[in-house]
Novice: 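Below you'll find the structure I mean.
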Amino acid sequence: MRSPIVPIIGFLTGIIILAGYFVPSPVLEAIRTPMLDWAVILSGVAGLIAIFHLVFGVHGRRLRDPEKSHVFSFIVILVFMLTVAAGIFFGINHTGFQKVVTAIQMPMETSLMAVLAVTLAYSSLRLLQRQRNWMGFVFFIAVVLYLLVNSGIFALVTDITALRGLVAGISQAPLAGARGILIGVALGSLLTGIRILIGSDRPYNS
Amino acid sequence: MNSLEMNIGLILLIIITFTLFFFSIRQRRTGKAPSFRRITAISNFKRSIGMSIEDGTRIHVSLGNASLTQAVSASAFASLKILRKIGELSSNSDNPPVASSGDGALALLSQDTLHDVARETHTLELFQSENGHLAGPTPVTNVVGALQTIADPEVHTNVLIGNYGSEVGFLSTASQDKGALTIAASDSLTAQATFFATVEQTLIGEELFAVPAYLHNEPMQNASLRIQDMLRGLVVLVLLVGVILKLVYAL
Amino acid sequence: MTLDANLIWTIVSLVLTLFIFSYLFGDNILFRIACAILVGCTAGYLFVLIIYRVILPKLVVPLIEGSLIVLVPLFLSGLLLTKLSPKLSRLGNISMAYLVGAGAAIAVGGALLGTLFTQITGAVNSFAINDGTTKGINGVIVLESAFFLIGTISTLVYFNFTARSKDGQPAKRSPIVNLFAWIGQFFIAITLGAIFAGVLTSTITALIERIDFIITTISGFFG
Amino acid sequence: MAEINCPICNRLNKDEAERCWYCQAVLHPEKKNADGSSDWLDGFRQENTETPFEESNEASAGSDESPEDVPDWLARIRQREQLEHGGEPEQNPDGEKDTLDWLRSAVGNESPTESNTFKPAEVNEPAPTESDNDADWLGKLQSWQEESSEPNKSPAPEHPFEQEPKPSFSGPSNQEPDWLNEFKSEAAQSEPLPPEKQPDDSSTGDKPSPENISAFEQEPKAPIAEEPIIEDSIPPTDAIGFSIPEGNVVKPSSPEPDWLTDFQSLDETKDLADQVMPKPAVEEPVKAPFSGRDIMDWIDKDRSTPEEKPENAVEQVEVPQGTDEGIEPAKLPSWLQALRPDKSKRGIAGSTTSSDLNQKSPLAGIEGVLQDSVIGQFYTRPQTYANTLKITPEQENHLQRLQNIAGEARWEAQESVESKRQSSILLKAVVSLLLIGVIVFTVLTQKNSLVEPTMYSQPVVETFNIISALDPAKPVLIAAEFDSGLYGELKWSSESLLQQLMARNIPIAYLSTTQAGSTLFQATITDLARKNQDYSLADHTLNLGYLTGGTVGLQALANDPRGTLPLTTLMKPAWTDTPLQNTEKISDFSAVIVITENADTARYWIEQVKPSMGKTPLLVVISAQSAPMLQPYYDSGQVNGYIAGESGGTAFEKMAGVEGSSTSHFSAYQSTLILLVVLIFVGGMISLVLSTPSPERSDKNQS
């Protein structure tokens, strides 16, 4: 039999924090602010547990699994332990420890985005193969047009006021669709959140 | 937010909640489910899961980077609901799905979901906590960790559902290049644009939130989708009335 | 360039950058080593960051200072730690329920007040009949505003899910909804096209920045 | 006196005898009776003359009798005589023969010593010469006959098989034996032979006319190996309905029939099994009607011609002649083989009634020779198994749907995926070489951009104006909300803005809700401060560090900044003896600048913090990928101004009159984008021309 305590806790937490949005009451605010803080703490602790599970659970098990490749997992565990040791030994604000971000993480993540540029450029060549319908064709034209707008090449025609207005209008055109999509996504989020608050959907294990 | 917006919001919330209960109880009683338009990507989504189970291959579900303490957490809840359905559908396969995510709490919730499904479908012996794991703590490292899972020869279907940035282009192109079946949906516009350009079966906009209703076909999910459409009509009405009032006021 | 710490870190950055660039020629061992290093160091850095920025200031320091209220998050965090062992993980469900409840409330509040109301008021406000400086009706501005309004409404209607199905026929939407949906798909395609062009632009800029870094560093070596 | 062998039972008879003494078969079939009497014996006679070539050889071979050539029946008779006169049958030397002698003694069979056939008893009597042998044995035979014809008088047989009534042959032909009369009466009542048995010149009528009978006697020219006759009877089947090959049928355990005793000696040189039981042509094994392979075939078959095979097509069920595992095949004489109906007619049910007939009829002991009189009662048309399934229209639809699903599924064969991967790696290498080549060329040659940006977008202008009008005494709050991925672009875009702030000595406090944001921002302003020595970082900047909790953290910051971030990253109090000492609320900052590549992050600041900012402007430096999504917020006034990507940064630098990183890399940026446009356009046109439209994608989202 599923215990009712867990859904009740979820429901009460949600109602109190949600009420804070609509009922500006000091008493409610006094209760809500620490509860939000606790949520932040729990989110951080969950991050610690997930990282521990990633390094020693997932990659630790792959090291013990003869079929899987060991190189990737061994490096992950080794670098993780070196980084944590350096962080605890030097402290988080030590310039040496900051190099972990500025000299290792940032160069590699930026390089990945650079490689993504080539990957997406190559993928764009087959755009009309993948989406062969009206929507795909308009998408193709829009990509080409806005790349030209971003490249600033239309500066050539800025002398002609009419064209200047057209280019301005073209820059504005995505606004209409973006608004419609954002409103739609907000409606979906609203209903999904309500289903969780009333206990219909339970992503947690009750 | 001014008090008017707060009051309207509160009233709207109460009305929506009661309407949800009303529609779901009515469907439970009459047994008549509402009908929704056909979405090709979702139909192919169901078929690809079936084919994956038949082939005995594994399904990889990437849940995105949404943190529970951010407003995009709704996409995380929707992707967890979809993961539950995929787990139920592939319970008679001997390869349970693998879920990777870019947020710690989301990783723990994906473990709970897979464990709950294994318990309900009596396949606890196949459950491994590693099947629900954190691929990397940041969006880009999440992509890098998920690339290793996509490269796994057992994986033949990749479901990319959740909140991403443009770095998700790595996952969709890697999956397409491998010839795996790829289904993608996101609430983030950047990710939707990237999916539209790189994946054939992509869901746009709020179709991400409709997938649970199309898959589960539960009374509450169907009621939720119907109310979503009613609110859409209300928004269009408000826009038109607002513009008309503005025109009248301006003239 | 003297062999100091900066130089070493620059060489490390250059080598890792080239490892990642090797992915252009297909998945290979160098790329995988670089990815492993990235995952390991990012996880380690965030592990330390959470300890210094969350656990110490919000749990340990108040506990040392004798605050009683901090016992609640301490207890919930302790329950959450049971998730590390498969047998005890059930105890952690209470903390997960608390997190999910808070997350759902934030999602509902953010969606309703943060996006819905702001976007609706924004759409109405952006409908103008003149540029605000002159009186009367400016046809171009009215047309432009109507264009945006129709775009927003048709995009919304495109996602409409409910349809009517007659005996055995596939479910179909009403003609007026279909018309707006057909118009809406063009606006959606334009928006997604513009955003994808932006994605390409950003990633091209990142490519230029990385190549500039490689050229600068190599030319720096040969001074 | 010449003797001839009876064609049916292979026994020696006098040449002038019309019918065989033992089995009344016609010894001289060709010498038909002149008056055409319809005596049924003529048939036997006629049969005798037409015996196959081998048999005539045997007959001639039997004339110079050696013990092996003494006919079985004669040997038996002699042996019985000896028994009656107290003689002992001779023991055979080798063991194997002993075990079969009792049979030979019972059946008096003289077939050669083939291991799997019954061997005649070795009679140790001196081989009589032909001439006196014939006279004696006939005389004795006749005397023996009279004795055995009185059933009751026959002494209790010593040997188990002796109790069998011996055919009583009454001397010359005019005294017809009883069994013959009965047979005649029997034959008169029996129904006409089943149509398949009708010889071509079949005569009607129920009386078995000579022709009919001749059909029995007609010795086929060659051993029976003709076309298998479609059985009338229900073939013996195993549990799941497959007809069992003849050989596997477990014969009823009736005693060994007499007909085995009348085997004439066969040609020893050849394989006797073949002569007696010629192997049928290799038949196709009886296929289970629903074997797996067949099921798949009918699906693959082109449904356009389902009528190819009529539904009730009768599959020629071949009943292979197999041999029982345990019981050796009975060795039938060729004449009997011709007589016997098709083996498969003898159903188990049929055999019991036919054995009663055999007891009384002349063919006593010959099982399965005669057709039961009530054949129709026991045999029904065999159940035919058509190898095509009856397909209803509904199943046809399901099949069509299955075909479509299978057709539409795009499981790419591994080889095509491999070749596709090779070509994609090659094409990707070409694209990357082109892009990297253009970038390297423009960066190295420092060429000017093709088109200088002269058109500054309104948001950039607004941002420039706001920055220029900031009060130097009030600090600015900067949210470094970016991940490392697009840090390069954001660093270039925000560089000139930060330089403007430093140039006007405006204090900066910065924080981040992402893990690496504040660290990277600190590195950026450290680099910039090197170019502007007057601006001391220690006095003018404050790192508030990492704000946890995302949206929740922003709400807390908006409500109570001091309580949310009390300490700096150096663990010192942030709000006392620092540029922030006069700042209580968010609205006390001169501006809030959000630097991010994620539109959602910008939205959180707009939704959670902007409402608490009062008149303080909110500026955003955003990457090009998120600019379109920020537009609605700028239009609605929630965002006062923004700089989008490289082009925004270049425009800002142009307005500020400085040459920053954006301007120096703008030509590489512009030429690369133009090359990309060309590549995508050409690729799109090629795709349009080459690839065929796929039906599914044409109804992308059916309404």
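Naming: A, B, ... by sequence-line order, numbering from 1 per chain.
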Novice: Hey, is CZ on Phe180(C) packed in by over 12 heavy atoms from elsewhere, all under 6.0 Å?
Specialist: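 Check fails, neighbour count at 12 or below.
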Novice: Do you know which two heavy atoms are closest between Ile41(A) and Ser77(C), and how far apart they sit?
Specialist: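 Looking at all heavy atoms of both residues, the closest pair is CG2-OG, 3.9 Å.
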Novice: Heavy-atom distance under 4.5 Å to chain A: side chain of Ile55(C), backbone, both or neither?
Specialist: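 The side chain, not the backbone.
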Novice: Among Val100(A), Leu36(A), Leu18(A), Thr192(A), which has the most heavy-atom pairs under 4.5 Å with chain C?
Specialist: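 Between Val100(A), Leu36(A), Leu18(A), Thr192(A), the count favours Leu18(A).
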Novice: As an exercise: rank Gly96(A), Gly180(A), Ser73(A), Ala19(A) by heavy-atom pairs under 4.5 Å with chain C and give me the winner.
Specialist: Gly180(A)
Novice: Any chance you could measure Leu182(A), atom CG, to Thr115(C), atom OG1, to the nearest 0.5 Å?
Specialist: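 These two atoms lie 7.0 Å from each other.
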Novice: With a 6.0 Å cut-off on ring centres, are Tyr45(C) and Phe97(A) close enough?
Specialist: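 Yes, the ring of Tyr45(C) comes within the 6.0 Å limit of the ring of Phe97(A), centre to centre.
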Novice: State, to 0.1 Å, how close Gln172(A) and Phe148(C) come at their nearest heavy-atom pair, and which atoms those are.
Specialist: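 So the two residues come closest at O-CE2, 3.3 Å.
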Novice: Between Phe159(C) and Ile181(A), is any pair of side-chain heavy atoms under 4.5 Å apart?
Specialist: yes
Novice: In terms of heavy-atom pairs under 4.5 Å, which option from Ser95(C), Gly40(C), Gly92(C) contacts chain A the most?
Specialist: Gly40(C)
Novice: Please tell me if the side chains of Leu38(C) and Gln105(A) come closer than 4.5 Å, counting only heavy atoms from C-beta onward.
Specialist: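 Yes, at least one pair of side-chain atoms sits under 4.5 Å.
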Novice: Is the number of heavy atoms from other residues, nucleotides or ligands within 6.0 Å of CD1 (Ile215(C)) greater than 12?
Specialist: yes
Novice: Hey, which of Leu14(C), Ile204(C), Thr42(C) has the most heavy atom pairs under 4.5 Å with chain A?
Specialist: Thr42(C)
Novice: With rounding to the nearest 0.5 angstrom, report the CG to CG distance, Leu116(A) to Leu207(C).
Specialist: 10.5 Å
Novice: Quick one: pull up NE2 in His53(A) and CG in Leu84(C) and give me the separation to the nearest 0.5 Å.
Specialist: 8.0 Å
Novice: If you count heavy-atom pairs under 4.5 Å between each of Ala197(C), Gly151(C), Ser202(C) and chain A, which one has the most?
Specialist: Ala197(C)
Novice: Looking only at heavy atoms and a cut-off of under 4.5 Å, which of Ile153(C), Leu46(C), Val54(C), Leu156(C) has the most pairs with chain A?
Specialist: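 Max contact count across the listed options: Leu156(C).
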Novice: Please report, to 0.1 Å, the donor-acceptor pairs under 3.5 Å made by any side chain of residues 97-105 of chain C, with sequence neighbours excluded.
Specialist:
from: Tyr98(C); atom 1: OH; to: Met35(A); atom 2: O; distance (Å): 2.9

Novice: Under a 4.5 Å heavy-atom cut-off, does chain C meet the side chain of Asn93(A), its backbone, both or neither?
Specialist: side chain
Novice: Report the distance from atom CG of Leu112(A) to atom OG1 of Thr203(C), rounding to the nearest 0.5 Å.
Specialist: 12.5 Å
Novice: Roughly how far apart are Leu49(C) CG and Ile92(A) CD1, rounded to 0.5 Å?
Specialist: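 Between Leu49(C) CG and Ile92(A) CD1, I get 4.0 Å after rounding to 0.5 Å.
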Novice: Flag the pair Thr155(C) / Ile183(A) as yes when at least one side-chain heavy-atom distance between them is below 4.5 Å, and no otherwise.
Specialist: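 They are not in side-chain contact.
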Novice: Taking Ile196(A), Ile104(A), Leu82(A), Val118(A) one by one, which has the highest count of heavy-atom pairs under 4.5 Å against chain C?
Specialist: Ile104(A)
Novice: Among Ala43(C), Cys35(C), Ala107(C), Gly198(C), which residue has the highest count of heavy-atom pairs closer than 4.5 Å to chain A?
Specialist: Ala43(C)
Novice: For Met113(A) and Ala206(C), work out which heavy atoms get closest and say how close.
Specialist: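 Of all heavy-atom pairs spanning Met113(A) and Ala206(C), the closest is CB-CB, 4.1 Å.
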Novice: Identify which part of Ser124(A) has an atom lying under 4.5 Å from any heavy atom of chain C, answering side chain, backbone, both or neither.
Specialist: side chain
Novice: Anything in residues 18-25 of chain C with a heavy-atom distance to chain A below 4.5 Å? Please list those residues in order.
Specialist: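 At a heavy-atom separation under 4.5 Å, chain A is reached by Ile20(C), Phe21(C), Tyr23(C), Leu24(C).
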Novice: State, to 0.1 Å, how close Ala111(C) and Leu190(A) come at their nearest heavy-atom pair, and which atoms those are.
Specialist: CB-N, 4.1 Å
Novice: Determine the option with the most heavy-atom pairs under 4.5 angstrom with chain C, choosing from Val55(A), Leu145(A), Leu120(A).
Specialist: Leu120(A)
Novice: Would you say CZ of Phe56(A) has more than 12 non-hydrogen atoms from neighbouring residues, nucleotides or ligands within 6.0 angstrom?
Specialist: yes
Novice: I'd like to know whether Leu200(C) forms a side chain to side chain contact (heavy atoms under 4.5 Å, CB included) with Tyr146(A), so could you lay out the CA-CA distance, the side-chain angles of the two residues, the decisive distance to 0.1 Å, and finally the verdict.
Specialist: CA-CA 10 Å; Leu200(C) 285 173; Tyr146(A) 282 98; over 6 Å; no
Novice: Tell me which pairs pass salt bridge (charged side-chain N to carboxylate O under 4.0 Å, His left out) where either residue lies in residues 61-83 of chain C, with sequence neighbours left out.
Specialist: Asp112(B)-Lys83(C)
Novice: Would you mind reporting whether Leu16(C) and Pro107(A) have side-chain heavy atoms less than 4.5 Å apart?
Specialist: no
Novice: Sort Leu149(C) into side chain, backbone, both or neither according to what part of it lies under 4.5 angstrom from a heavy atom of chain A.
Specialist: neither
Novice: So what's closer than 4.5 Å to chain C heavy atoms on Phe11(A): side chain, backbone, both or neither?
Specialist: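 Neither part.
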Novice: Would you mind telling me which of Val72(C), Leu81(C), Val39(C) has the largest number of heavy-atom pairs within less than 4.5 Å of chain A?
Specialist: Val72(C)
Novice: For Ala34(C) and Met108(A), work out which heavy atoms get closest and say how close.
Specialist: O-SD, 3.3 Å
Novice: Which answer fits Leu54(A), side chain, backbone, both or neither, if we ask what part of it has an atom under 4.5 Å from a heavy atom of chain C?
Specialist: side chain
Novice: Please rank Leu12(A), Val138(A), Ile17(A), Ile141(A) by heavy-atom pairs under 4.5 Å with chain C and give me the top one.
Specialist: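 Greatest number of close heavy-atom pairs with chain C: Val138(A).
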Novice: Contact part of Ile51(A) toward chain C, heavy-atom cut-off under 4.5 Å: side chain, backbone, both or neither?
Specialist: side chain
Novice: When only pairs under 4.5 Å are counted, which of Ala121(A), Ala173(A), Ala50(A), Ser151(A) shares the most heavy-atom pairs with chain C?
Specialist: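 Of Ala121(A), Ala173(A), Ala50(A), Ser151(A), Ala173(A) has the most heavy-atom pairs under 4.5 Å with chain C.
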Novice: Before giving the answer on side chain to side chain contact (heavy atoms under 4.5 Å, CB included), spell out for Thr201(C) and Leu147(A) the whole-Å C-alpha distance, their side-chain angles and the decisive distance to 0.1 Å.
Specialist: CA-CA 7 Å; Thr201(C) 307; Leu147(A) 278 175; 3.9 Å; yes
Novice: Would you say the ring centroid of Phe47(C) lies under 6.0 angstrom from that of Phe80(A)?
Specialist: yes
Novice: Let me know if Leu80(C) has heavy atoms under 4.5 Å from chain A in its side chain, its backbone, both or neither.
Specialist: both
Novice: Rounded to the nearest 0.5 Å, how far does OG of Ser111(A) lie from CD1 of Ile211(C)?
Specialist: 10.0 Å
Novice: Are there residues of residues 185-195 of chain C whose heavy atoms fall under 4.5 Å of chain A's heavy atoms? If so, which?
Specialist: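 Within residues 185-195 of chain C, near chain A: Gln185(C), Phe186(C), Phe187(C), Ile188(C), Ala189(C), Ile190(C), Thr191(C), Leu192(C), Gly193(C), Ala194(C).
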Novice: Please look at Val157(C) and chain A and tell me whether the side chain, the backbone, both or neither of the residue comes under 4.5 angstrom of a heavy atom of that chain.
Specialist: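 Looking at Val157(C), nothing touches chain A.
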Novice: Please find the pair of heavy atoms, one from Leu116(C) and one from Ala186(A), that lie closest to each other, and give the distance.
Specialist: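 In this case the closest contact between Leu116(C) and Ala186(A) is CG-CB, 3.9 Å.
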